[in-house]
Amino acid sequence: MSDEREGEREEGKGEQKHPPLGPVPCLLNRLKDVISIFLHYTTHFLPPPSPFFPPKNTQNKFTSPFATIMSTEIVKNSVGESSRSVGGDIPHAVSAPLSRYESQKRRDWNTFGQYLKNQRPPVSLSQCNCNHVLDFLRYLDQFGKTKVHTNGCVFFGQPDPPAPCTCPLRQAWGSLDALIGRLRAAYEEHGGSSETNPFGNGAIRVYLREVKECQAKARGIPYKKKKKKKNQIINNELKASKQPI
């Protein structure tokens, strides 16, 4: 029996039990676990790098998709703000609205080009001549709104007829004259030469003069010539010289 007790004592000495841990070591173990978890997440989900101060020699080469998206958004926002701050005073490259004259000139040019395409066979701008322009002016008469009395009409030569008549409607001389001026300018703007400009041909001026005289007689409204600015300037200078100083 004594031998057995001595063997148990020897075994008990070999198997020494550790004393229970106190509150401080437990807290330290938990703190180590928290730190290890924090380091794990910070290494796998790094914050997006600054576009102005990139990190130097980062050992962790892994970047999450979230970090990549956030970095691109920051770069876009920073570039947009810098461009607005630098080019705030620079006007945007937006075409200014056309004036009334330019808009009408563009519409007239497109209408004339469509008229040439509708011909049989179609006529190109390089083949256009004064005859095509005259045909175009006569073609526009069907869309006119000016009453032009014929020679057989009882209201021929009357500016204010008392009753309606069956005389045709034509394009007014002033409208045709302004139209030719716009088309003449548009032709040269599109690369045409002023020497070969069909809208500046002498036949066009003769046609417009005939239309002007015909409408003046038929409507009884004479077109008065405008006074030259040169005579007005001379008259103003004479009046100024006669005034007492």
Side-chain angles (χ1 to χ4, degrees), residues 91-151 153 156-161 165 167-237:
H92 296 287
V94 179
S95 58
L98 297 176
S99 63
R100 184 177 179 182
Y101 171 79
E102 293 294 333
S103 300
Q104 186 63 47
K105 180 172 62 174
R106 178 178 293 183
R107 288 194 296 268
D108 295 337
W109 181 254
N110 294 335
T111 303
F112 181 71
Q114 189 62 40
Y115 170 79
L116 295 179
K117 291 179 181 178
N118 293 338
Q119 301 300 306
R120 295 292 179 269
V123 180
S124 62
L125 290 173
S126 59
Q127 299 174 347
C128 175
N129 54 37
C130 62
N131 294 326
H132 298 101
V133 178
L134 293 174
D135 293 339
F136 176 67
L137 296 178
R138 298 187 185 99
Y139 162 79
L140 293 178
D141 275 336
Q142 60 181 320
F143 307 106
K145 298 180 180 180
T146 301
K147 179 75 71 172
V148 179
H149 302 288
T150 60
N151 293 328
C153 181
F156 183 82
Q158 296 185 18
D160 297 319
C165 63
C167 293
L169 297 175
R170 303 295 186 197
Q171 290 285 347
W173 164 80
S175 300
L176 295 178
D177 185 60
L179 172 65
I180 290 299
R182 292 191 296 267
L183 290 176
R184 183 175 181 177
Y187 179 84
E188 296 181 3
E189 289 177 0
H190 286 78
S193 175
S194 59
E195 298 176 355
T196 60
N197 194 332
F199 302 98
N201 192 278
I204 307 299
R205 292 193 294 271
V206 172
Y207 175 81
L208 292 176
R209 185 168 58 250
E210 292 177 353
V211 171
K212 177 181 178 181
E213 295 174 356
C214 177
Q215 292 186 2
K217 293 178 181 179
R219 302 179 61 200
I221 303 175
Y223 293 98
K224 297 180 180 179
K225 294 183 179 181
K226 295 181 180 180
K227 296 180 180 179
K228 296 182 179 179
K229 293 182 179 180
K230 195 173 183 180
N231 294 334
Q232 293 179 357
I233 295 173
I234 294 173
N235 294 332
N236 293 333
E237 291 178 354

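Numbering starts at 1 and runs along the sequence shown.
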message: Quick test of your reading of the model: are Asp108 and Lys105 salt-bridged, counting only N-O distances below 4.0 Å?
response: no
message: When you measure from the side chain of Arg219 to the backbone of Val148, do you find a donor-acceptor pair of N or O atoms at a distance under 3.5 Å?
response: no
- prompt: How about Tyr139: does its OH atom have over 12 heavy atoms from other parts shown lying under 6.0 Å from it?
  reply: no
message: Are more than 12 heavy atoms, taken from residues, nucleotides or ligands other than Lys147, located less than 6.0 Å from that residue's NZ atom?
response: yes
message: Donor-acceptor pair, distance only, cut-off 3.5 Å: does the side chain of Asp135 make one with the backbone of Arg138?
response: no
query: At what distance, to the nearest 0.5 angstrom, does CZ of Phe156 lie from NZ of Lys217?
result: 7.5 Å
Gln142 side, atom CD; Gln171 side, atom CD - distance, nearest 0.5 Å: 9.5 Å
task: Report the relative orientation of the aromatic rings in Tyr187 and Phe199; use parallel for angles under 30°, tilted for 30 to 60°, perpendicular for over 60°.
output: perpendicular
message: I'd like to know if the side chain of Asn197 reaches the main chain of Arg184, judged simply by a donor and an acceptor atom lying under 3.5 Å from each other, with no hydrogens or angles considered.
response: yes
message: If you compare all heavy atoms of Leu169 against all heavy atoms of Gly144, which two are closest, and at what distance to 0.1 Å?
response: CB-O, 3.4 Å
Separation between CZ of Phe136 and SG of Cys128, rounded to the nearest 0.5 Å: 10.0 Å
query: Hey, does the side chain of Gln114 reach the backbone of Thr111 with a donor-acceptor pair shorter than 3.5 angstrom?
result: no
